[in-house]
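Each remark here refers to the structure printed beneath this line.
Just the heavy atoms: all of them, side chains too, but no hydrogens, waters or symmetry mates, feed the values below. One-based numbering along the sequence shown.
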Amino acid sequence: MAVFVALGALVMTLVGGWTAQRVTDRRHLVLGLAGGLMLGVVGLDLLPEALEAAGTRVFGVPQALLLFVGGFLLAHMVERLLAVRQAAHGAAEERVPQVGLTAAAAMVGHSLLDGVAIGAAFQVGEAMGLTVALAVIAHDFADGFNTYTLTSLYGNTRTKAVAMLVADACAPVVGAASTLLVTIPPEALGSYLGFFGGALLYLAAAEILPEAHHTHPARSTLLCTAAGAGFIWLVVGVSSD
């Protein structure tokens, strides 16, 4: 089931890469909706489940929450390091193709962990797996878009950009399949999901939503974000009955 659902992430990544070549004026609405879906999954479903599975307190704070903060901070540090590196290359007024390939490879690694998160969530329960998969699928559009854009932006050929896009699309399926070989203990699952939730929230708050409002600070974008979070609330409510 996890591998089958991960195929949705594969398709969405390819759609994102295809869209990168044909950007329309509605991209901000899609990203706004994706940000809302990610926010809803993290706050309304992923974090509560992580706390239930890994609620052991470490110096007064639940273990899952510590890892949640750790995931957020790690994602922030990685993003800052990449930004500094890109700025340094930009200052030299020359875009090195290897920089684009390195950034795209990091996206592939991130997508591989997305697939692991899907498989791990399905080990907790089907409802949990579906909601985590929905979050991954929601932001994989942006992943595909960014993977293709980063690769081509630094002077790589279209063939290389497409190759990196395909690798990024296949990574979640490989990650999900890997969890079929190993059963993760409940506390370890909760810890990982807490960490993943922190990283996912950073992507939504620091990249997806700012990008959605960058050129189109419209009310319609805000409505799409609220609709995405509200949809997750509905999903959580129905699945808990």
Report task. To the nearest 0.5 angstrom, please state how far the CZ atom of F72 sits from the CG atom of L201. Result -> 5.5 Å
Report task. Indicate, with yes or no, if L14 and L7 share a hydrophobic cluster defined by side-chain heavy-atom contacts under 4.5 Å among Ile, Leu, Val, Met, Phe, Trp and Tyr. Result -> yes
Query raised in the report: With distance as the sole test, does T56 use its side chain to make a donor-acceptor pair with the main-chain N or O of Q63 at under 3.5 Å?
Result: no
Requested in this report: State the CE-OH distance between M77 and Y202, to the nearest 0.5 angstrom.
Outcome: 10.5 Å
Report task. Assess whether side-chain contact (heavy atoms from CB on, under 4.5 Å) is satisfied between Y192 and V116, documenting all intermediate values. Result -> CA-CA 10 Å; Y192 175 74; V116 173; 4.1 Å; yes
Report summary line: CG (L66) and CZ (R57) are apart, to the nearest 0.5 Å, by 10.0 Å
Requested in this report: Would you check, one step at a time, whether the test side-chain contact (heavy atoms from CB on, under 4.5 Å) holds for R158 with Y148?
Outcome: CA-CA 9 Å; R158 183 177 183 276; Y148 184 91; 3.6 Å; yes
Query raised in the report: Roughly how far apart are Q123 CD and L193 CG, rounded to 0.5 Å?
Result: 10.0 Å
**Report entry** Approximate separation, where rounding is to 0.5 Å, of L74 CG and L67 CG
**Finding:** 11.0 Å
Query - Close side-chain approach of V42 to F68, heavy-atom, < 4.5 Å - result: yes
Report task. Determine whether the side chains of D168 and T13 contain a donor N or O and an acceptor N or O closer than 3.5 Å. Result -> no
Requested in this report: Rounded to the nearest 0.5 Å, what's the gap from CZ on F231 to CG on L44? Could you check?
Outcome: 12.5 Å
Requested in this report: Is it possible for you to say whether L223 and W233 belong to one hydrophobic cluster, with membership spreading through side-chain heavy-atom contacts below 4.5 Å?
Outcome: no
Requested in this report: Tell me whether L209 is reachable from L222 by hopping between hydrophobic residues (I, L, V, M, F, W, Y) whose side-chain heavy atoms are closer than 4.5 Å.
Outcome: no
Requested in this report: Would you kindly confirm whether L112 and V173 end up in one hydrophobic cluster when ILVMFWY residues are joined by side chain heavy atoms under 4.5 Å apart?
Outcome: no
Query raised in the report: Are V11 and V174 joined in one hydrophobic group, where the rule is that I, L, V, M, F, W and Y side chains link up if heavy atoms are under 4.5 Å apart?
Result: no
Report task. Taking S111 for its side chain and D114 for its backbone only, find out whether a donor-acceptor pair lies under 3.5 Å. Result -> no
